[in-house]
Amino acid sequence: MSAFLALLFRNRLAGMGAVVIAAILLLVVTAPLLPLHDPDVTATADRFMRPFAEGHLMGTDHLGRDLLSRLLHGTRLSIAVGVAAALIAAVIGSAIGMVAGYFGGRTDNVVMRGVDMLMAFPYILLALAIVAALGPGLMNALIAVAAVNVPFFARNIRGVTVGLAGREFIDAARLAGMGHARIILTELLPNVLPVIVIAMSTTVGWMILETAGLSFLGLGSQPPQADLGSMLGEARSAMISHPHTSVVPGLMIFLIVMSINLLGDGVRDALDPRLRSGALSRPRATTLVRRQGDIPPATDDLLAIQDLRTEFHIGKRNYRAVGGVSLAVRPGECLGIIGESGSGKSVTALSVMGLVASPPGVVTGGAVRFHGEDLIGAPYETLRQKRGDRVAYVFQDPLSTLHPLYRVGRQLAETIRSHHDLSKAEARARAIQLLNDVRIPNAERRVDDYPHEMSGGMRQRVGIAMALANEPDVIIADEPTTALDVTVQAQILSLLDDLRRERGLAIIFITHDFGVVAQLCDRVAVMYAGGIVEEGPTHAVLDTPAHPYTKRLIACVPELGGGRRELAAIPGLPPVLDDLPPGCAFAPRCNKAEESCRQGEIPLQGPALHAVRCLFPERAH
Ligand code: ADP
Ligand code: MG
């Protein structure tokens, strides 16, 4: 709650609205206790007294009634009617929306067509018709205003409910034997309540205005009872000669509606979880770079990651996701990166092309060199030209990287045409060719499939085809086979292996599966807590792991046909990235750790090919 208030008042305008409306509410609630004149007593001798006249702070109206008193009582009535109408509309409309959305099918159809019919009428005309039928009076105006707003709530809430009704937690409630009413009240309602509150807070102002409108036309409150609309209506004829009689209620309507709307906007923003997490603020086109220290000199590798540091700055905390990683690949080489989930593999990969979301991501040091050219400081246009063209990515979940509404062929063609000047027909032919390359049977037909029409393995092949589309020099594959079953995984791996041999492609292959590394990679780097703890030729690292972490990671892998044995989990948890211990990050979980391990930075050392960041490495010799 206090977080909500803090968020609300960070929005200055909403805070101002809250203060104004609170002051008005305080005034009108205490109005009967204040030493005011009776609002309905006429005194024709005192007609049209100016503001600040003796005994009448705001003057008097055409019947000599005290304007201040009428204003406070009238405001009280207007707000009460507006809020009551909003509550009624919200309750009825939300109930209709939830029932329609939850049951769906025919119920939904019948109910929502009725709602649509109501919506087809112009708003204020419908309200007028209702009051005309019921007869003038404040109560009937309230009913009319509530009625014309029911469809608004019904539509909004139905939309939200439809999205929720198909979710697993509703199915689970059903399977647990809950009745419909209980599911709607205990499972659905808490989830749609914020939406109802938001819809209400943004419409209360409207409803007050509509009620005032009806009263202005003489259809709402009846004389002598004052509300803001009727005060305006009665003052209309004296607008030129005695403007204060209409300015006073007019100003009040303005203040109320304005402050409620500002407050409503603030409430909406503060309650919306997406706005709150900042997900709707668009990330920058490239990762923010704020490098400290020297930029490492160029090397002659195809792609070299040099002492790369990527952090996430969230609030006052700095999460060091990648803390000084150096890696390099040559053409035709496959480099594996392996490590527990959360060790920084994906962030390393995304940093290469400036794809880490900023905010909160910041590159704070190091360089990424492609053919010697530093990509970290490069302008957006340089990166854009290389993204998907010279360096391409394959991600874990093709269903979330492919656009669900376009045919795969069209998406492939788009990839090609955004970097090369090809006609549509040529691009399509190339797309078919690519699907053939990644061994999709019947490519001429499959090219017109939508992503959902393909199996997981097929989709991942499309993902690889897309990465291959512009014949890149490097492919960075981030766990491309993790979501697939082993047979499909094996096919995809051999496909990547073939492509690498045929085209001299360099591959950086990220995984947490040693079997995959053994099958595909020439070299492997083991990551832990944002740093590389061991690097070397695959067979050397797998056969004689030197870092205790690598050794225990390999020991965690169950062996097929190896008989029953106790699986060795690594005790302890991965470290928290905003509070890394000095020295070896693995020391708290390591059974060989000594005091010296916890002191200072430990260098990556050992024979040139097989290096390890450990003071007491496990060495066979
Ligand atoms: P993995 O090795 O499993 O690919 P990642 O590279 O995705 O791990 O993540 C490394 C660390 O960075 C994790 O601790 C993760 O919580 C953190 N991280 C990743 N993306 C973000 C982000 N957008 N905001 C904050 N922290 C992030
Ligand atoms: Mg990852």
Side-chain angles (χ1 to χ4, degrees), residues 273-290 305 308-327 335-366 368 376 393-401 460 463 467 475-484 489 507-514 516-517 521 524-535 547 549-550 553 556 570 572-581 585-586 588-589 613:
R274 279 175 311 167
L275 285 175
R276 196 162 33 184
S277 67
L280 288 189
S281 59
R282 268 164 63 98
R284 304 157 55 99
T286 62
T287 311
L288 193 67
V289 177
R290 244 186 263 136
I305 301 175
L308 177 75
R309 291 168 193 274
T310 306
E311 300 181 352
F312 291 101
H313 293 182
I314 301 174
K316 290 194 182 66
R317 290 162 180 259
N318 288 357
Y319 295 86
R320 209 197 64 184
V322 179
V325 164
S326 300
L327 291 168
L335 168 73
I337 303 181
I338 196 163
E340 278 174 305
S341 114
S343 53
K345 308 182 296 290
S346 296
V347 176
T348 307
L350 292 174
S351 300
V352 170
M353 278 284 135
L355 290 173
V356 178
S358 287
V362 185
V363 175
T364 56
V368 173
I376 292 293
Y393 284 87
V394 183
F395 292 105
Q396 176 174 349
D397 180 10
L399 202 52
S400 62
T401 43
Q460 193 54 286
I475 284 192
I476 300 177
D478 190 352
E479 311 206 24
T481 56
T482 304
L484 306 176
Q489 173 172 323
I507 301 180
I508 297 182
F509 198 96
I510 297 172
T511 178
H512 51 244
D513 186 337
F514 278 102
V516 171
V517 168
C521 301
V524 58
V526 183
M527 271 190 90
Y528 184 76
I532 291 188
V533 293
E534 179 166 4
E535 190 192 343
H547 199 284
Y549 174 65
T550 318
L553 210 53
C556 289
I570 306 179
L573 293 172
V576 195
L577 293 177
D578 64 332
D579 189 20
L580 284 176
F586 187 62
R589 299 168 77 185
R613 199 184 292 277

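Read the numbers this way: they start at 1 and go in the same order the structure lists the ligands and their atoms. Worth knowing before you read on, the calculation uses all heavy atoms, side chains too, and leaves out hydrogens, waters and symmetry mates. Because the structure is a prediction, the values reported are computed rather than measured.
Distance check, rounded to the nearest 0.5 Å: OG of S326 to CD of E535 gives 9.0 Å. In this structure, CG in N318 is found 3.5 Å from NE2 in H313, a value given to the nearest 0.5 Å. For the atom pair OG1 (T348) and CD1 (I532), the distance works out to 7.5 Å, reported to the nearest 0.5 Å.
By the definition of a contact as any protein heavy atom under 4.0 Å away, atom 10 (C) of ligand 1 is in contact. Within the 4.0 angstrom cut-off, atom 20 (N) of ligand 1 has one or more protein heavy-atom neighbours.
Summary of contacts: the protein heavy atom closest to atom 17 (C) of ligand 1 is F312 CE1, 3.9 Å. Scanning the protein for heavy atoms near atom 3 (O) of ligand 1, the closest one is G342 N, 2.7 Å. Scanning the protein heavy atoms around atom 7 (O) of ligand 1, the nearest turns out to be S346 CB, 3.5 Å. Given atom 5 (P) of ligand 1, the protein heavy atom at minimum distance is V347 CG2, 3.9 Å.
Residue E479 has no N or O atom closer than 3.5 Å to an N or O atom of ligand 1. Considering backbone and side-chain atoms alike, I314 places every N or O at 3.5 Å or more from each N or O of ligand 1.
Nearest to atom 2 (O) of ligand 1 by heavy-atom distance, out of M527, R320, H512, K345, is K345.
No side-chain N or O of Y549 forms a donor-acceptor pair with one of R613 less than 3.5 Å apart. Remark: the E534 side chain and the T550 side chain contain an N/O donor-acceptor pair separated by less than 3.5 Å. Donor-acceptor pairing under 3.5 Å is lacking for the side chains of T287 and S358.
Counting atoms of ligand 1 from 1 in the listed order, those under 4.0 Å from a heavy atom of A321 are 11 (C), 12 (O). Contact atoms of ligand 1 toward L577: 11 (C), 13 (C), 14 (O) (distance under 4.0 Å to a heavy atom of the residue). The contact set between ligand 1 and S341, taken as ligand atoms under 4.0 Å from a residue heavy atom, comprises 3 (O).
A donor-acceptor distance shorter than 3.5 angstrom exists from the side chain of K345 to the backbone of E340, with no hydrogens or angles considered. Side-chain atoms of Q489 never come within 3.5 Å of backbone atoms of V516 as a donor-acceptor pair (strictly under, hydrogens ignored).
Contact annotation for P360 and ligand 1: only side-chain heavy atoms (C-beta onward) come within less than 4.0 Å of the ligand.
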Is there a side-chain contact (heavy atoms from CB on, under 4.5 Å) between M527 and I338 once you walk through the steps? CA-CA 6 Å; M527 271 190 90; I338 196 163; over 6 Å; no
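Checking S341 against the Mg ion (ligand 2), every N/O/S atom stays at or beyond the 2.8 Å cut-off.
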